[in-house]
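See structure below.
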Amino acid sequence: MQDDRDRPLRSRAWFDNSDDPGMTALYLERYLNFGLSREELQSGRPIIGIAQTGSDLSPCNRHHLVLADRIREGIRDAGGIAIEFPVHPIQETGKRPTAGLDRNLAYLGLVELLYGYPLDGVVLTIGCDKTTPALLMAAATVDIPAIALSVGPMLNGRSGNRLIGSGTIIWEARQKLAAGEIDDAQFFDLVAASAPSTGYCNTMGTATTMNSLAEALGMQLPGSAAIPAPYRQRQEMAYRTGKRAVDLVREDLRPSKILTRAAFLNAIVVNSAIGGSTNAPIHIAAIARHMGVDLSIDDWHTAGLDVPLLVNMQPAGRYLGEDFYEAGGVPAVLGQLLDAGLIDGSPITVTGKTIDTNYRGKTTLLPDVIRAIDDPLMEKSGFVVLSGNLFDSGILKTSVISQTFRKRFLSDPDDPDAFEGRAIVFEGPEDYHARIDDPGLEVTESDILVMRWCGPIGYPGAAEVVNMRPPEYLLKAGIRELPCLGDGRQSGTSGSPSILNVTPEAAAGGNLAIIRTYDRLRVDLRNRRVDLLLDEAEIESRRTEMRRSIDAHVPRSQTPWQEIQRHSIGGLASGAILEGSETFQRIDTDRGLPRDSH
Ligand SMILES: CC(C)(O)[C@@H](O)C(=O)O
């Protein structure tokens, strides 16, 4: 990579502008007041932001408060100056009504910071689900040299000899509680056992997925994604990331050179191989759109469906984050996919080198945890992208379709990829919790559980609520799962076979708004269709009453941001980003620097 030390740094426009010494003095003095010196700020050393996502409100990312010291030391040793600043916290498990509201808010805030302050480059402290896309979206929009650092997963959860995975155990324990197999105290003990240390979910939930994809996209140093948060190697990686951030600025290596279409297609392939979260298509689409890269939901089907499942991690498999790391982490996956010709080795990464140079030859160190490519857990493990008369797009994660489920729903010898069932419709999670165990609902083992009004506009924010268990009377009879369908999201840690992220959502006028309990649905995976088995005339007639339904079921906004976002947010299939103007997506390079402030 070219080392262009003579190129003027962006921060000089603030701190060293000989055309306007008055403004230079104004900008300098407040950064001196906590101890930085004029000599340092005018030394021509890159100013590297540390976009800090850790706080007490974000326990998953809290360890970044500690790692920041090592990032700073790396920045300093490479000749840069660190400036740390907070990012709007996003904690998936803590934020009501859903952290789905906060990704775009954190993104907007960070764009203003990266664009409006004297920063030459930035370290993105990623971790809990949406912090990763929010930070990458902002770096892409501003196109400032950026490198990401995962905070890392928690240590493995254990109960006796059993591995207890975060998130996944909650959905399992809810079934056990409903079936009367455990009591409240045992429920709590199991769940607490799943979270033994600092870090994010130790399962292949949305956090490990998005952190793995940030590495596959080339935005993290090789090997960074999987290191558990408390390990010493995580501290070392923080130091190396800080160091590298300074060189990125000197090389002017910006996200636009890294986040190409080829890099996004690689991320889709990796998502299948790791058994990644159904939230990934939303966030990957959002990052691509802010980078100005053409990527559609269909790319998930074409590039991702036929990829083998290599990573044996919950919810699709057995193991947890420490095992993934010991087995070689993302490098062991990328190395094998490269060898098999399943990904493109040419994209440049934050190392300044290609994927091929960074990962060629890497392979699994524990073949039970990361399977060899010729011995996968499953031959085809991606998402089926579906459409039909009910919606334009929805996704189904095939790696969590169990053999039992296949036997019950996908075993008609004449039509092995299709099934029909009655819809049991819930008007949101409250309605589901209130009625699921009501025997009067008469749910049978061949029904499909449907939830609506849970999308970006409806909830608002698209909550992880399309995660429904069968009624207790079916659980007691041994039926552990029913297909689910909905316009909201689902936890990446869930193993329930579900059609998710349905777009357009009911609140935006999608036909999900007109479905009624006991209507029949046909799901045809081979032809990639989901259809409501009603004739056109009935569908049209029901649509005339849709407005009344929307008004009856979509709650009023409770905060200003809910209301603002509802007016401009797009559907989950296209990333659920703010729509309406090109400026919402990219800052054109010809817009130059912001004007002076005084
Ligand atoms: C476990 C959570 C909170 O649901 C999320 O982290 C995910 O994996 O989607």
Side-chain angles (χ1 to χ4, degrees), residues 53 57-63 89-103 106 126-134 150-154 156-157 163-174 190-214 225-226 228-229 271 274-284 286 311 313-317 319-321 324 383 395 397 399-400 429 451 454 456 459 461-469 484 486 488-498 500-501 572 576:
T53 57
L57 273 184
S58 301
C60 290
N61 286 33
R62 195 175 184 284
H63 191 54
I90 318 178
Q91 176 65 28
E92 181 63 45
T93 53
K95 175 73 197 309
R96 292 169 73 161
T98 167
L101 277 167
D102 294 61
R103 188 202 63 185
I126 60 173
C128 184
D129 308 12
K130 281 162 209 64
T131 52
T132 304
S150 292
V151 74
M154 295 184 280
N156 288 357
L163 284 173
I164 305 284
S166 41
T168 305
I169 192 63
I170 299 187
W171 325 126
E172 269 177 44
R174 272 190 185 170
L190 275 174
V191 171
S194 74
S197 77
T198 189
Y200 51 70
C201 286
N202 45 29
T203 35
M204 186 54 77
T206 308
T208 292
T209 300
M210 288 310 300
N211 285 267
S212 300
L213 299 191
N271 191 69
I274 63 179
S277 165
T278 49
N279 285 309
I282 308 167
H283 300 318
I284 291 295
V311 177
M313 235 171 123
Q314 298 180 27
Y319 293 101
L320 295 175
F324 183 43
F383 297 145
I395 55 162
K397 175 173 171 177
S399 58
V400 292
M451 192 181 283
C454 299
Y459 204 72
E464 286 191 340
V465 290
V466 188
N467 200 1
M468 295 173 276
R469 60 160 176 81
C484 302
R489 300 180 296 116
Q490 184 176 79
S491 170
T493 63
S494 165
S496 98
S498 309
L500 300 163
N501 308 348
L572 291 175

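Counting starts at 1 for both ligands and their atoms, following the listed order. Numbering of residues begins at 1 and proceeds along the displayed sequence. Note: hydrogens, waters and symmetry copies are ignored here, and every other heavy atom, side chains too, is used.
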Candidates T131, V151, I90, T132 - the one meeting side chain to side chain contact (heavy atoms under 4.5 Å, CB included) with T53:
T131
Quick check on ligand 1: any N or O pairs to the protein under 3.5 Å? One line per pair.
residue  : atom  : partner : partner atom : Å
ligand 1 : 4 (O) : E464    : OE1          : 2.6
ligand 1 : 4 (O) : S491    : OG           : 2.6
ligand 1 : 6 (O) : D129    : OD1          : 2.9
ligand 1 : 6 (O) : D129    : OD2          : 2.9
ligand 1 : 8 (O) : T206    : N            : 2.8
ligand 1 : 8 (O) : T206    : OG1          : 3.3
ligand 1 : 8 (O) : G492    : N            : 3.3
ligand 1 : 9 (O) : D129    : OD2          : 3.3
ligand 1 : 9 (O) : T206    : OG1          : 2.5
ligand 1 : 9 (O) : E464    : OE2          : 2.7
ligand 1 : 9 (O) : G492    : N            : 2.7

Under 3.5 Å, is there a donor on one side chain and an acceptor on the other for E92 and T206?
no
Any donor-acceptor pair under 3.5 Å linking the side-chain atoms of N467 with those of S494?
yes
Among residues at least two apart in sequence or on other chains, which ones pass side-chain hydrogen bond (donor to acceptor under 3.5 Å, both in side chains) with Y319?
D368
Which residues share a salt bridge (charged side-chain N to carboxylate O under 4.0 Å, His left out) with E464, sequence neighbours left out
R489
Please name all residues satisfying salt bridge (charged side-chain N to carboxylate O under 4.0 Å, His left out) with R469, sequence neighbours left out, ordered by chain then number.
D437
